[in-house]
Protein chains: 2
Amino acid sequence: MRIKDIAKLAGVSPATVSRVMNNNGYVKEEKREAVLKVIKDVDYQPNPIAQSLKNQKSQMLGVIVPKISTETASRVVAGVTEVAKAHGYQVLIANTDLDIEEEINYLKFLSNKSVDGIIMMGTEVTDRHLAVMDKLTVPIVILGQRVKGYTSIIHNDYDASFTMTEYLIKQKHRDIAFIGVDEKDEAVGIVRKKAYLDCLKIYNVEVDNQLMAIGDFDIDTGYQMMQKILMHKTPTAVLAVTDHLAIGAIHALLDAGLHVPKDVSVVGIGDIKLAEYLNPPLTTVHYTFKTSGKMAAEAVFELMDNPEKQGDTLMTTFELKKRASVRPL
Amino acid sequence: MRIKDIAKLAGVSPATVSRVMNNNGYVKEEKREAVLKVIKDVDYQPNPIAQSLKNQKSQMLGVIVPKISTETASRVVAGVTEVAKAHGYQVLIANTDLDIEEEINYLKFLSNKSVDGIIMMGTEVTDRHLAVMDKLTVPIVILGQRVKGYTSIIHNDYDASFTMTEYLIKQKHRDIAFIGVDEKDEAVGIVRKKAYLDCLKIYNVEVDNQLMAIGDFDIDTGYQMMQKILMHKTPTAVLAVTDHLAIGAIHALLDAGLHVPKDVSVVGIGDIKLAEYLNPPLTTVHYTFKTSGKMAAEAVFELMDNPEKQGDTLMTTFELKKRASVRPL
DNA sequence: CTGTTAGCGCCTTCAT
DNA sequence: ATGAAGGCGCTAACAG
């Protein structure tokens, strides 16, 4: 069913139908009603692709995620879709599965007018990303990392990690192990580690390199890193840069016959949904990922109207969730 | 940059450029190379919207999910995107947030050629859904529910629930509580309950209605339903129809001073990622949601070529994950 | 107030 | 082997 058919049925021209549908231009009341009636009768819906081609707008937002099947990503997407819907937009998901090439491919693909704005939830932003991003004609917002010259929504990783470390120190912990991730991930790999180190320094707590381990993002890694640290020394507390790593660490401790938190306190960062239902409930930092997604989407719409605002950095809030996995000394 | 520009730069006609890009028709080798060079030099990418309009294909799959920020949904989407990518397709996410009206709206919206196929992960399929679905011109696959006349990918809810109940009975449990959900969700609300009841019957275990509670899908509900059941009687085992409900139940038991599994065994269904890391690790049924997503996507592509195959029902496998939350009596 | 026309960018006859 | 022309469905400019 095309606009032409509606026009014929209503005894008017296609232009009139268009005017009625888009509510612009003048059209005599009776004709308007006739058109409306036909539209309703045949349940006509205009072809969005044709509209896109004509309007040079696709009414779609593209979201590039490293791995959709993670709690973080799906919460972000939930936030994005919510705002998108409010603007009459659809959301296109590009799942890169942590493949940098894919990220760049999607960046290119999405740029050709197939979406009106891009939200990129990257882990690593390389020069090649920047090369592609510089040529983009649609607004882009980076989520999770700060990228110079581009609007970024970042989680306050530094303060979060610092606050957490400080909390442990105030509970009189001094032997605080650290389980981190590779530095390729700027926010998680570098910033959270720096905050930990800075905090130790400020409080005059000696840094023991053997109490630090770096690995991947998964639970198993947390388990292995914890084991590695235990071979050297048993800390009184462990700061893991993600909740999953913390869970792995807790299991390694239990398997080593250590009780949490009686023998060793453990904290994470991220506050996954189940953190409070773990045993013991995990002390962690709550990030508002859905809100980040909303902010990112709002920023994109903002940029669609005011491209010159490009470059802002917005920081989301966080909240320390004190739960039973920490014991004061 | 349009095809016309490329044509001009390469000294050929737009038609020739099109032929080169789509690898059809004859074009002299030297011209082909000239075109290819220009395309590479200017990093030209055709406008997918114009292609869609012309080809009457959008190269996009639509996925309607009840709530993207759930582990199930995101795993399904991961599977769909994987298969879609292999076919050169993009994935459009429609997040309904459990709103039936939205589901129907999206069904309508997606049908106008804005996607070439739809995967609907519904909780409830009403007559109004069917009315819209009947008019669809693009293939649709239902995931998670069986709908007559439509290709459906279903999880083997009956056998899974039956197997789980049987497992408890074989561990000599007789007072087996049941925490279910509303019957509006056919697969989870009705089928899993029926399997539980059938199994009790077959093994001549008496059904105690006070040991059964029905509520929502979240952890808190599991907690409350368990409390309610405990007011009546302390069962030796609890079958919760989802892992989240099981987690809530475990907490209610702990708060009531009961140990799991020493005093009460608890099992769930679904095998969320953290199930094995809970304390105690949760005995549950593992569903392959990502695989379901893949199957659904493959079925859609299949239907695009052979629409007459509409109506198949594919059942995914499941696996009983025996973990420490169950104690034999 | 309404209809005709042109064009968004691409692909596919048709003619050469 | 290649180019010109028309059309996918829609909307905006221009007449009238």
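Lettering of chains follows the sequences in order, A, B, ..., and the numbering in each one begins at 1.
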Trainee: Any ion pair linking Asp5(A) and Lys8(A) (charged N to carboxylate O, less than 4.0 Å)?
Mentor: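 Between Asp5(A) and Lys8(A) there is no salt bridge, as every charged N stays at least 4.0 Å from the carboxylate O atoms.
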
Trainee: Return a single string for nucleotides 8-16 of chain C, one symbol per nucleotide in 5' to 3' order, where B is base contact, S is sugar-phosphate-only contact and - is none, cutoff 4.0 angstrom on heavy atoms.
Mentor: BBBBB----

Trainee: Might you work through the side-chain contact (heavy atoms from CB on, under 4.5 Å) test for Ile142(B) and Met133(B), ending with a clear yes or no?
Mentor: CA-CA 11 Å; Ile142(B) 316 293; Met133(B) 283 161 54; 3.6 Å; yes

Trainee: So does Thr16(A) get a side-chain nitrogen or oxygen closer than 4.0 Å to the phosphate oxygens (OP1/OP2) of dC1(C)?
Mentor: no

Trainee: Identify whether the distance between the nearest side-chain nitrogen and carboxylate oxygen of Glu71(A) and Lys273(B) falls below 4.0 Å.
Mentor: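 Between Lys273(B) and Glu71(A) there is no salt bridge, as every charged N stays at least 4.0 Å from the carboxylate O atoms.
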
Trainee: CZ of Arg146(A): more than 12 outside heavy atoms within 6.0 angstrom?
Mentor: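 At most 12 heavy atoms, drawn from other residues, nucleotides or ligands, come within 6.0 Å of this atom.
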
Trainee: Quick one: do Arg128(B) and Glu101(B) make a salt bridge, cutoff under 4.0 Å?
Mentor: yes

Trainee: I'd like to know if the side chain of Asp99(B) pairs up with that of Tyr106(B) as donor and acceptor (distance under 3.5 Å, no hydrogens or angles considered).
Mentor: no

Trainee: The test is side chain to side chain donor-acceptor pair (under 3.5 Å); show your working for Asn95(A) and Glu82(B) and say whether it passes.
Mentor: CA-CA 8 Å; Asn95(A) 192 177; Glu82(B) 188 174 316; over 6 Å; no

Trainee: I need the CD-C1' distance between Glu33(A) and dT2(C), as an integer number of Å.
Mentor: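 Nearest whole value for this atom pair: 17 Å.
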
Trainee: Please round to 10 degrees the angle between the axis of the first five pairs and the axis of the last five pairs in the helix from dC1(C)-dG16(D) to dT16(C)-dA1(D).
Mentor: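 Comparing the axis at each end, I get an angle of 50°.
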
Trainee: Between atom NZ in Lys28(A) and atom C1' in dG3(C), what is the gap in whole Å?
Mentor: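 Spelled out: NZ on Lys28(A) to C1' on dG3(C) is 14 Å.
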
Trainee: State which residue, out of Val83(A), Asp116(A), Val300(A), Val80(A), fulfils the side chain to side chain contact (heavy atoms under 4.5 Å, CB included) condition with Tyr89(A).
Mentor: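 Of the listed residues Val83(A), Asp116(A), Val300(A), Val80(A), the side chain to side chain contact (heavy atoms under 4.5 Å, CB included) partner of Tyr89(A) is Asp116(A).
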
Trainee: Please tell me if Lys31(A) has a side-chain N or O lying less than 4.0 Å from either OP1 or OP2 of dG3(C).
Mentor: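 So the side chain of Lys31(A) is within the cut-off, an N or O lying under 4.0 Å from OP1 or OP2 of dG3(C).
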
